[in-house]
**Q** 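Attaching a single structure in structure tokens format; questions to follow.
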Amino acid sequence: MKRTMRTSPEEILNGRILPTLLKLSVPAIIAFTFHTTFNFVDRLFVSRLGALELGAVGMAFTVQSILLAIGAGTGIGTSSLIARYIGAGRLDRANAAAEHTLLIILVLSAIMTVAGPPLARPLFVLLGASEEMMPYILGYIRIILFGSLFQFLSMIGNGIMRGEGNTVTPMQVMIIGTVVNIVLDPLLIFGIGPFPAMGVQGAALATVIGRAASCVFLVGSLFNPKNVVLPKLRGFRFDFSIVRGIFGVGGPTILAQLSNSLGLSLLFILLRPYGDMAKSAFTLGFTYQQVAILPLLGIAQGTLTMSGQNFGARNMDRVRGVIRQAVLFSTGLMVLFALIMIGARGALVRVFSDLPEVIRIGRTMLLVFAVGFPFLAGRIILTSFFQGLGMGLRGLFLNFSYIVVFALPLALLLSRAFGIDGIWWGLVLGNLGSSLIGVLWALRTAGKLESIASVPGGGPR
């Protein structure tokens, strides 16, 4: 099965577009499904402790999302650069990019482990965390910060694999981490058998141990001589141009992800007048949205790899075909998911809570979120398209415009007219606005691909 799911550079450059895109995407979808599963399971178990604890994990995610932003952005920058090097036939530079990525992981984890814990409490005070919720938040996030090495290694190391078209190993990495996490969650949260009852701290510790287990497998896979890209640490020579190439796409992606993290933080501030039950409802609604977009994340990874390698090979007609088919397929899929969520929203909310206030808010929120799923598809897939071409600033602008230009101002404005429901509609209209900008920009870019590729810096150096 592993051999069947692997995608070779030859297929990426010459195979049928949609089947190849799906072949790249399916392992990534499975991987993200397992990744989201452990978030879902964490919150499901934590919800059994109480609404305060569930809301605390939701607020802690505002800081955890900073780690995710840095890891995801650096991983995407790595994937994009390696994909373009492979498409251009420059394997020596692809190997060097992988080596520099490992150095970046060590630097980032050292910074977060040292600087993160002292800054946590002042940040959550600023975000409006209640005194009742604060001990749960800090107990959770400090453990996550101390385990940041494993989070960065799994996310950024997987970017090396995806750049060469290997989406199977990242899938295996996430499966291992999720299984370990799911097994440890009830043991460490509730104190089953010889394990102590640690509450929300147990959920955080289970997450860190799961990531550590997955990293053991990942490190062995990164140095497998059968890989297309193979980091060779002996004789390593630092090359700032490679770091610049990684963060040329990764930097704007990190900023885009951080803008989303900031937006998430500001949303909790907007929710403060509505009480802790509103924060709990938003936590469960956000969790379900993360589940619903799993296929989008997989297709986005496939889009990045295919557009990057074909752009590096100067196969411009194929680049246009990749983005066209990716957007159409993803939008249709999310319409289907929207219909399912609308029909089942009541039952979905009751999985997490039986409190009437949480159920009331959650049902409406899931309905509104589902309406916006097709627009969310456009923004995510178009962002990955620009990242694959090395146009990180355009991907940044799409995400930045979503949260800063559209979603937050509209959420604030509409909440004054329609209360808490106006916040949900602001988020949906934000996705609509940014996806429309992305479509217009992609159409213009597709018509200028040859001229973009011909200028200095149009391909990997």
Side-chain angles (χ1 to χ4, degrees), residues 1-16 19-32 34-35 74-106 150 152-179 211-237 239 242 245-246 298 301-310 312-313 388 460:
M1 184 182 68
K2 182 176 178 180
R3 287 194 301 270
T4 301
M5 295 177 74
R6 283 191 181 275
T7 310
S8 67
E10 174 63 24
E11 289 179 273
I12 293 171
L13 297 175
N14 298 301
R16 293 173 57 201
T20 304
L21 178 63
L22 294 179
K23 189 176 179 181
L24 280 168
S25 303
V26 168
I29 292 170
I30 295 172
F32 285 121
F34 275 88
H35 178 73
T74 309
I76 287 171
T78 299
S79 295
S80 175
L81 185 62
I82 288 177
R84 284 177 283 135
Y85 277 140
I86 292 174
R90 303 195 60 185
L91 292 183
D92 57 329
R93 297 292 285 175
N95 291 336
E99 295 163 8
H100 283 71
T101 297
L102 298 179
L103 175 62
I104 291 169
I105 290 170
L106 293 176
F150 305 118
F152 286 137
L153 181 56
S154 62
M155 296 184 73
I156 302 172
N158 281 341
I160 297 173
M161 297 292 188
R162 292 189 179 110
E164 70 172 54
N166 178 0
T167 54
V168 176
T169 297
M171 175 190 72
Q172 295 171 315
V173 168
M174 289 191 180
I175 289 175
I176 291 170
T178 301
V179 170
R211 286 173 178 155
S214 67
C215 285
V216 173
F217 175 80
L218 175 61
V219 169
S221 300
L222 282 173
F223 294 95
N224 188 332
K226 296 181 180 179
N227 293 343
V228 177
V229 176
L230 184 63
K232 301 172 183 177
L233 301 183
R234 182 177 298 177
F236 171 79
R237 292 184 179 180
D239 185 343
I242 291 179
I246 291 173
Q301 289 288 346
T303 302
L304 187 154
T305 301
M306 286 194 73
S307 60
Q309 290 200 21
N310 282 282

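The figures that follow rest on heavy atoms only: side chains count, while hydrogens, waters and symmetry mates do not. Note that the numbering runs from 1 along the sequence shown for the chain. Just so you know, these numbers come straight off a predicted model, no measurement behind them.
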**Q** Please list, chain by chain and in numerical order, all residues satisfying side-chain hydrogen bond (donor to acceptor under 3.5 Å, both in side chains) with D239, sequence neighbours excluded.
**A**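 D239: side-chain hydrogen bond (donor to acceptor under 3.5 Å, both in side chains) contacts with R93, S241.
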
**Q** Which value, rounded to the nearest 0.5 Å, describes the distance between R211 atom CZ and T178 atom OG1?
**A**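 OG1 of T178 is found 9.5 Å from CZ of R211.
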
**Q** Once ring pair (Phe, Tyr, Trp, His ring centres under 6.0 Å) is applied, do any residues pair with F236, and if so which ones, sequence neighbours excluded?
**A**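 Here the qualifying residues are H100.
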
**Q** Using modelled atom types and a 3.5 Å cut-off, is there a donor and acceptor pairing between side-chain atoms of S154 and backbone atoms of C215?
**A**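 Not confirmed, S154 side chain does not pair with C215 backbone.
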
**Q** What's the shortest heavy-atom distance between E11 and K23, and which atoms?
**A**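 Distance-wise, the nearest heavy atoms are OE2-NZ, 3.1 Å.
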
**Q** Using 0.5 Å steps for rounding, measure from the CD1 atom of I156 to the OG atom of S79.
**A**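 Answer for the CD1-OG pair, I156 versus S79, is 10.5 Å.
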
**Q** Can you name the residues that form a side chain to side chain contact (heavy atoms under 4.5 Å, CB included) with L222, not counting sequence neighbours?
**A**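 Once residues adjacent in sequence are excluded, the partners of L222 under the side chain to side chain contact (heavy atoms under 4.5 Å, CB included) criterion are L102, I160, M161, L218.
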
**Q** Taking only residues two or more places apart in sequence, or in another chain, which ones meet V228 in a side chain to side chain contact (heavy atoms under 4.5 Å, CB included)?
**A**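 Residues passing side chain to side chain contact (heavy atoms under 4.5 Å, CB included) with V228: I86, L91, E164.
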
**Q** Taking the side chain as everything from C-beta on, heavy atoms only, tell me whether F152 gets closer than 4.5 Å to I104.
**A**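 No, their side chains stay 4.5 Å or more apart.
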
**Q** What pairs with N224 under side chain to side chain contact (heavy atoms under 4.5 Å, CB included), at least two apart in sequence or on another chain?
**A**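 Residues passing side chain to side chain contact (heavy atoms under 4.5 Å, CB included) with N224: K226, N227.
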
**Q** If you look at every heavy atom in L230 and P225, which pair is closest and at what distance?
**A**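 In terms of heavy atoms, the two residues are closest at CD2-CA, 4.1 Å.
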
**Q** What I'd like to find out is whether the side chain of N166 reaches to under 4.5 Å of the side chain of V229, using heavy atoms alone.
**A**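 Contact flag for N166/V229 side chains = no.
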
**Q** Rounded to the nearest 0.5 Å, what separation is found between the CG atom of N158 and the CE atom of M171?
**A**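 N158 atom CG to M171 atom CE measures 11.0 Å (nearest 0.5 Å).
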
**Q** Given the rule in the side chain to side chain donor-acceptor pair (under 3.5 Å) test, do T20 and R16 qualify, once you have shown the distances and angles that lead to the verdict?
**A** CA-CA 6 Å; T20 304; R16 293 173 57 201; over 6 Å; no

**Q** Considering residues at least two apart in sequence or located in another chain, which fulfil the side-chain hydrogen bond (donor to acceptor under 3.5 Å, both in side chains) criterion with T101?
**A**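 Partners of T101 by the side-chain hydrogen bond (donor to acceptor under 3.5 Å, both in side chains) criterion, ordered by chain and then number, come out as T78.
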
**Q** Among T305, I12, N14, find the residue that satisfies the side chain to side chain contact (heavy atoms under 4.5 Å, CB included) test when tested with N310.
**A**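 Exactly one pass, corresponding to I12.
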
**Q** Testing the basics here: between S25 and G302, what is the closest heavy-atom pair and its distance to 0.1 Å?
**A**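 Here S25 and G302 meet closest at OG-CA, 4.1 Å.
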
**Q** Could you please spell out the steps behind the side chain to side chain contact (heavy atoms under 4.5 Å, CB included) verdict for L13 and Q309?
**A** CA-CA 7 Å; L13 297 175; Q309 290 200 21; 4.1 Å; yes

**Q** Would you check if I105 and T74 make a side-chain contact, meaning some heavy-atom pair closer than 4.5 Å?
**A**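 A side-chain contact under 4.5 Å is absent here.
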
**Q** Does any part of the side chain of R162, heavy atoms only, come nearer than 4.5 Å to the side chain of L304, both counted from C-beta?
**A**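 A side-chain contact under 4.5 Å is absent here.
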
**Q** Looking only at heavy atoms, what is the nearest atom pair of I242 and A96, with distance?
**A**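 Nearest heavy atoms, I242 then A96: CD1-CB, 3.3 Å.
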
